[in-house]
Visitor: 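What follows is a single structure, and I will ask about it in a moment.
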Amino acid sequence: MKSKVIKIDRLFVVKSILVCLFLLYTLAVIDFTLINDNFGRSISNVFLADKQAVNEYLSQKINLIPFATVKLFINAYKDANLGTFVVFENILGNLFVFMPFAFFVPSIFKKINHWFKFLLIISIGVLIIEALQIVFLTGSADIDDFILNVGGAMVAYGIFNATKIKRGIDKFLYGEYNET
């Protein structure tokens with residue numbers, strides 16, 4: 001009886017692993033931004049809310065003024081009303097949370113190989129999350145979150161796409177440098 005040798009393509013394996021990790025990370029971001037009860041978030045809010053609760057959410061949990069929330073956190077810290085950890089958790093957390101997408105998206109979707117395409121994709125993704133927060137009355141929909149999320153992702157995109165780093169990532173993932 002002959003044994004059949006199955007040859008698995010390295011690119012297929014690497015892409016499969018990246019896709020799985022990307023999906024897990026995306027689910028973690030969704031949990032963190034929409035569902036995580038540790039931050040007072042719950043998508044069930046929308047089912048429990050009455051008109052007053054909806055109006056209260058819309059008036060208190062939406063910020064369209066750039067850097068208003070960042071200033072609020074910094075001023076509360078200066079006035080000793082907030083601890084250092086809370087300020088860093090909010091500002092740096094929003095800055096760092098979408099950074100891994102700068103690695104995953106271009107590595108998985110080779111057609112997203114230009115900073116503007118990535119900017120468009122990450123902006124749409126963050127806008128969807130912010131819109132879902134309004135729809136489900138969870139968390140807060142904040143322009144500062146958008147600015148920090150997209151800004152952090154773009155910084156990471158720039159770092160990951162520096163020539164030597166990009167070549168190192170491609171060599172690690174695919175065994176060689178890919179131009180595409």
Side-chain angles (χ1 to χ4, degrees), residues 19-109 112 114-161:
V19 168
C20 288
L21 291 172
F22 176 67
L23 291 174
L24 286 172
Y25 189 76
T26 301
L27 289 174
V29 168
I30 290 168
D31 176 57
F32 176 75
T33 57
L34 297 173
I35 301 168
N36 193 323
D37 287 336
N38 294 333
F39 293 98
R41 298 177 175 124
S42 174
I43 58 174
S44 64
N45 289 348
V46 73
F47 303 111
L48 305 172
D50 58 7
K51 186 176 182 177
Q52 180 182 350
V54 171
N55 288 335
E56 187 177 308
Y57 176 87
L58 294 174
S59 67
Q60 295 178 5
K61 299 286 188 166
I62 297 175
N63 170 41
L64 300 176
I65 301 168
F67 302 108
T69 304
V70 171
K71 287 178 191 172
L72 183 72
F73 272 92
I74 291 171
N75 288 335
Y77 172 75
K78 284 180 184 177
D79 297 339
N81 293 327
L82 276 181
T84 306
F85 181 76
V86 174
V87 174
F88 279 112
E89 179 182 45
N90 184 276
I91 295 174
L92 294 179
N94 277 308
L95 193 63
F96 291 138
V97 72
F98 280 86
M99 283 184 164
F101 286 99
F103 169 76
F104 286 119
V105 171
S107 295
I108 295 169
F109 307 102
I112 302 172
H114 189 268
W115 70 267
F116 187 76
K117 289 179 183 179
F118 180 75
L119 175 63
L120 188 62
I121 295 295
I122 201 69
S123 295
I124 290 168
V126 172
L127 283 173
I128 288 170
I129 294 283
E130 295 297 318
L132 287 173
Q133 288 179 326
I134 295 170
V135 168
F136 291 116
L137 306 176
T138 187
S140 62
D142 194 326
I143 189 69
D144 290 357
D145 292 351
F146 176 83
I147 293 167
L148 292 169
N149 293 160
V150 172
M154 290 306 297
V155 166
Y157 182 85
I159 291 168
F160 288 138
N161 282 288

Visitor: Examine Phe101 together with Tyr157 and report whether their ring centres are nearer than 6.0 Å.
Guide: no
Visitor: So, does Ser123 use its side chain to make a donor-acceptor pair with the main chain of Leu120 at under 3.5 Å?
Guide: no
Visitor: Val70 versus Ile91: any side-chain heavy-atom pair under 4.5 Å?
Guide: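 Touching, per the 4.5 Å side-chain cut-off.
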Visitor: Quick check: do Phe22 and Thr26 have side-chain heavy atoms less than 4.5 Å from each other?
Guide: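 Yes, close enough: below the 4.5 Å cut-off.
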Visitor: Can you confirm whether Phe104 is buried at CZ, in the sense that more than 12 heavy atoms of other residues, nucleotides or ligands lie under 6.0 Å from that atom?
Guide: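 Yes, the 6.0 Å shell around CZ holds more than 12 heavy atoms from other groups.
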Visitor: Could you grab the distance from atom CG of Asp50 to atom CD of Glu56, nearest 0.5 Å is fine?
Guide: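 One finds 9.0 Å between CG of Asp50 and CD of Glu56.
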Visitor: Check whether any side-chain heavy atom of Lys71 lies under 4.5 Å from a side-chain heavy atom of Ile74, and answer yes or no.
Guide: no
Visitor: Report the distance from atom CG of Leu132 to atom CG of Leu34, rounding to the nearest 0.5 Å.
Guide: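 Between atom CG of Leu132 and atom CG of Leu34 there are 5.5 Å.
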Visitor: If you compare all heavy atoms of Ala53 against all heavy atoms of Ala49, which two are closest, and at what distance to 0.1 Å?
Guide: CB-CB, 3.9 Å
Visitor: To the nearest 0.5 Å, what is the distance between CG on Asn90 and OG1 on Thr69?
Guide: 7.5 Å
Visitor: Closest heavy-atom contact between Phe118 and Met154?
Guide: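 The pair with the smallest heavy-atom distance is CD2-SD, 3.5 Å.
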Visitor: Test Phe109 against Lys117 for side chain to side chain contact (heavy atoms under 4.5 Å, CB included), laying out the working first.
Guide: CA-CA 11 Å; Phe109 307 102; Lys117 289 179 183 179; over 6 Å; no
Visitor: Is the closest side-chain heavy-atom distance between Phe98 and Val150 below 4.5 Å?
Guide: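 SC-SC contact between Phe98 and Val150 ruled out.
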Visitor: Quick one: are Asn149 and Phe146 in side-chain contact, heavy atoms under 4.5 Å?
Guide: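 Sidechains of Phe146 and Asn149: no contact.
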Visitor: With the side chain counted from C-beta on, respond yes when Phe73 and Val86 share a heavy-atom pair under 4.5 Å apart, and no when they do not.
Guide: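 A side-chain contact exists here, since the closest heavy-atom pair is under 4.5 Å.
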Visitor: Could you state the interatomic distance from CG (Asn75) to CG (Leu82), rounded to the nearest 0.5 Å?
Guide: 10.5 Å
Visitor: If you define the side chain from C-beta out and look only at heavy atoms, does anything of Asn94 sit under 4.5 Å from Asp144?
Guide: no
Visitor: Within this structure, what is the CG-CD1 distance for the pair Leu64 and Ile62, rounded to the nearest 0.5 Å?
Guide: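 Leu64 atom CG to Ile62 atom CD1 measures 7.0 Å (nearest 0.5 Å).
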Visitor: Do Ser140 and Asp145 have side chains that get closer than 4.5 Å, going by heavy atoms?
Guide: yes
Visitor: Between Glu130 (side chain) and Asp142 (backbone), is there a donor-acceptor pair under 3.5 Å?
Guide: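 Judged by distance alone, yes, a pair lies under 3.5 Å.
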Visitor: For the residue pair Ile65 and Asn63, what are the closest heavy atoms and their distance?
Guide: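 Ile65 and Asn63 have their closest heavy atoms at N-OD1, 2.9 Å.
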